[in-house]
2 protein chains.
Amino acid sequence: MSLDQRKKLILQAIVDDYVSTAEPVASKALIERHDFRLSSATVRNEMSDLEQLGYLEQPHTSSGRIPSDKGYREYVDSLMKVDRLTDEEGEIIRKRLSESFDELTGLLKKASNALSEQTGYVSLALSPRLRKSYLKQLKMMMIEPGKVLVVVVLSAGVVKDRLVRIPDYLTPEQLAQISKAIETGLCGKSLEDITLVTVTSAAKDARLPDALLNQILFEAYTAIKQADNLEIYMDGTNRMLSLPEFSDISRARCLFDTLARDGIVSGYINEMTQDDDKGSYMIRIGQEISIEGLSDCSFVTTTYNVGEKIAGNIGVIGPRRMEYSKVVSQISFVRQVINNHLDQFKALNGG
Amino acid sequence: MSLDQRKKLILQAIVDDYVSTAEPVASKALIERHDFRLSSATVRNEMSDLEQLGYLEQPHTSSGRIPSDKGYREYVDSLMKVDRLTDEEGEIIRKRLSESFDELTGLLKKASNALSEQTGYVSLALSPRLRKSYLKQLKMMMIEPGKVLVVVVLSAGVVKDRLVRIPDYLTPEQLAQISKAIETGLCGKSLEDITLVTVTSAAKDARLPDALLNQILFEAYTAIKQADNLEIYMDGTNRMLSLPEFSDISRARCLFDTLARDGIVSGYINEMTQDDDKGSYMIRIGQEISIEGLSDCSFVTTTYNVGEKIAGNIGVIGPRRMEYSKVVSQISFVRQVINNHLDQFKALNGG
DNA sequence: TTTAGCACTCAAGCATGAAGAGTGCTAAGC
DNA sequence: GCTTAGCACTCTTCATGCTTGAGTGCTAAA
């Protein structure tokens with residue numbers, strides 16, 4: 001049961017108007033803003049139909065209409081036009097990200113920052129899911145007796161480290177020996193295949209007291225696993241405070257609490273992302289988002305790639321009344337710039 | 001021109017009441033809550049005097065009084081009673097911080113977190129000012145050709161690292177040589193004494209092309225200097241949204257923007273801290289804070305120590321109508337726990 | 001099928017009035 | 001001379017009712 005052409009046009013116009021004004025759209029206002037060659041009465045009839053069909057909602061009798069989740073869904077699926085960025089807009093983003101040196105974290109922070117600035121909404125960047133990347137190096141460096149820096153280098157070119165404490169009678173030589181053993185044993189193994197058991201078996205030849213050895217292995221294991229933690233960089237949350245949607249402070253508080261809760265947003269996006277969708281963007285609107293506290297919001301996310309199978313996400317969170325087409329074009333562009341950067345690092349690093 | 005005893009009692013009672021209710025305090029309500037053995041009329045006269053003297057303000061005729069900045073100042077300077085924490089409260093904090101392993105960053109995050117939770121206000125922890133700490137180790141570890149992890153170990157037991165890019169034809173041996181040279185040359189020098197010149201002169205014997213050498217030296221220098229960056233960990237900002245002071249969303253936005261602006265709060269606290277005040281707390285109230293956007297707030301901060309001369313800060317930001325005595329006692333306790341932890345690390349690390 | 005016209009609905013703004021909380025002042029009491 | 005009861009006065013808050021205007025839905029005519 002698809003909408004006829006005229007209904008589509010009207011729905012599109014209503015979404016556009018509502019996005020820019022945040023006020024319910026009236027039939028008269030609509031024909032003034034758009035050249036439909038129809039009277040307000042006709043438009044009224046169409047709007048009434050659209051409401052019946054579930055695309056529009058009416059806050060109260062005798063008010064204009066606002067789009068429902070279904071209305072927005074129709075809009076983003078088949079009505080909106082996604083423009084490419086202007087050269088200037090592209091240049092701004094490219095310049096901002098080019099300042100960032102090769103470090104992935106820095107790149108993601110900058111990307112998130114740029115995205116929020118360009119769209120005016122909340123932006124986020126998720127560190128890559130590294131489960132499928134494999135270990136390239138593991139170094140354990142003794143800082144002082146009892147204190148060791150574990151450095152983990154992954155195939156994706158990602159470097160993570162972690163300071164750990166071990167018994168202080170372990171000598172640097174012993175440490176180097178264990179470290180070497182673990183590295184050789186695990187090199188080439190993907191993170192998802194590394195368990196405490198594989199770590200332990202990698203170092204089975206080391207001649208050290210069991211308790212001591214176990215502690216070190218556990219720390220190494222933790223350091224490796226920690227590399228797989230999803231990190232999220234969020235920016236521009238304060239902008240939400242200026243939107244009429246959140247003029248009610250308790251709503252704002254609720255939103256902010258949800259955004260700040262560790263792992264909620266990152267976990268959701270992580271689950272929502274299929275391993276195989278590359279490059280296309282994904283939109284979730286209002287109630288489609290299963291997170292309590294974000295049902296007045298919409299998500300637009302996409303995926304960037306670090307090598308073949310390794311990917312992370314960038315995204316934007318805004319009000320349902322979001323400038324979807326602008327967000328999509330901005331986000332797609334940022335994605336592309338990130339990918340280019342990462343390809344370049346990769347080339348430099350020789351794979 | 002000091003207040004007489006009765007005026008002090010009344011001012012204290014007014015502050016206490018206003019802090020807990022957020023409503024202007026009326027003479028009648030005051031005598032009902034406190035056993036003054038005075039009629040409301042007498043209290044009214046005293047309140048009128050206190051207003052004349054600048055300790056109280058009246059939002060409008062025929063409303064109760066609220067404390068002015070001067071009133072709060074008198075309160076914190078000589079009226080409030082600071083209780084010690086109950087054993088349970090102390091236990092909660094101690095437990096939370098004991099989970100944190102030896103890493104300073106982790107400890108500070110936990111401390112900030114606990115502080116915000118215990119007080120209900122915004123909390124913050126500043127990384128130590130490391131200018132006066134000296135370099136103990138500098139390691140440069142080649143991750144892959146062209147990519148080097150620079151690890152800086154400071155006297156305070158602080159470890160910082162930074163991933164840098166260098167020309168990829170530099171061999172691990174050359175890198176090791178330079179790294180060793182810089183380390184030997186700078187070891188024992190305090191961060192404030194290390195400049196690009198000292199770094200360069202430390203490696204003057206290295207036989208490498210100038211351009212290459214300079215780049216590496218610059219990266220090493222940057223990594224060292226970066227260790228001195230003030231980092232701030234803030235927690236509980238969302239709580240401010242529930243206070244009547246910020247029920248006006250534009251005020252909230254203004255506050256949040258100020259808190260989020262990089263370096264504003266940390267810079268202010270840094271400047272406000274004298275190098276020699278150890279252990280005592282510092283309070284800044286309303287307009288005393290020279291940051292636009294925080295004039296409706298109060299600061300309570302104190303200093304923790306990492307060794308003799310190295311110190312950082314923890315603090316709380318809340319509404320002027322803050323439970324000062326509670327905050328002071330909590331913050332003093334957290335300070336003490338942090339210091340104990342750090343002393344312990346230090347003992348373990350042998351200085 | 002479209003549209004002009006009209007009755008109806010509802011939110012928002014405004015003035016009005018009553019209630020209540022609180023003060024300041026005055027005069028009487030201790 | 002300090003304290004306090006009593007009262008007039010002020011100002012906010014809340015509810016009420018009224019008006020205005022924006023917007024719809026329906027009907028009948030083009």
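These numbers come from a predicted model, not from an experiment.
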What residues, two or more places apart in sequence or in another chain, satisfy side-chain hydrogen bond (donor to acceptor under 3.5 Å, both in side chains) together with [X]?
X	result
A/Glu57	none
B/Asp87	none
A/Arg261	none

Counterpart residues, side chain to side chain contact (heavy atoms under 4.5 Å, CB included), relative to B/Leu85 (two or more places apart):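 Expected list: B/Glu89, B/Ile93, B/Ser329, B/Gln330, B/Phe333.
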Any residue meeting side chain to side chain contact (heavy atoms under 4.5 Å, CB included) with A/Arg65, in chain and number order, not counting sequence neighbours: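 For A/Arg65 the side chain to side chain contact (heavy atoms under 4.5 Å, CB included) partners, ignoring immediate neighbours, are A/Met47, A/Ser48, A/Glu51, A/Leu56, A/Gln58.
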Shortest side-chain distance from A/Leu38, nucleotide among C/dT3, D/dG25, C/dG24: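 The answer is C/dT3, which lies nearest to the side chain.
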Donor-acceptor side-chain pairing of B/Tyr75 and B/Asp16 below 3.5 angstrom: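 There is such a pair between these side chains.
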Listing time: all N or O pairs from protein to nucleotides 5-7 of chain C that are below 3.5 Å?
unit_1 : atom_1 : unit_2  : atom_2 : d
C/dG5  : O6     : A/Arg44 : NH2    : 3.4

N/O (side chain, B/Arg65) to phosphate O (OP1/OP2, C/dA21) under 4.0 Å: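 B/Arg65 to C/dA21 OP1/OP2: no side-chain N or O under 4.0 Å.
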B/Ser63 side chain near D/dC11 phosphate (N/O to OP1/OP2, under 4.0 Å):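 False: B/Ser63 side-chain N/O out of range (4.0 Å or more) of D/dC11 OP1/OP2.
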Of all pairs that satisfy ring pair (Phe, Tyr, Trp, His ring centres under 6.0 Å), the ones with a partner from residues 280-303 of chain A, not counting sequence neighbours: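 Qualifying pairs: A/Tyr268-A/Phe299.
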Salt bridge (charged side-chain N to carboxylate O under 4.0 Å, His left out) partners of B/Asp257, counting only residues at least two apart: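 B/Asp257 satisfies salt bridge (charged side-chain N to carboxylate O under 4.0 Å, His left out) with B/Arg253 only.
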Tabulated below should be each protein N or O lying under 3.5 Å from an N or O of nucleotides 8-10 of chain C; please produce it.
unit_1 : atom_1 : unit_2  : atom_2 : d
C/dT9  : O2     : A/Ser62 : OG     : 2.8
C/dC10 : OP1    : A/Thr61 : OG1    : 3.3
C/dC10 : O4'    : A/Ser62 : OG     : 3.2

Sugar-phosphate, base or nothing in reach of B/Ser40, heavy atoms under 4.0 Å: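 It contacts nothing in the nucleic acid.
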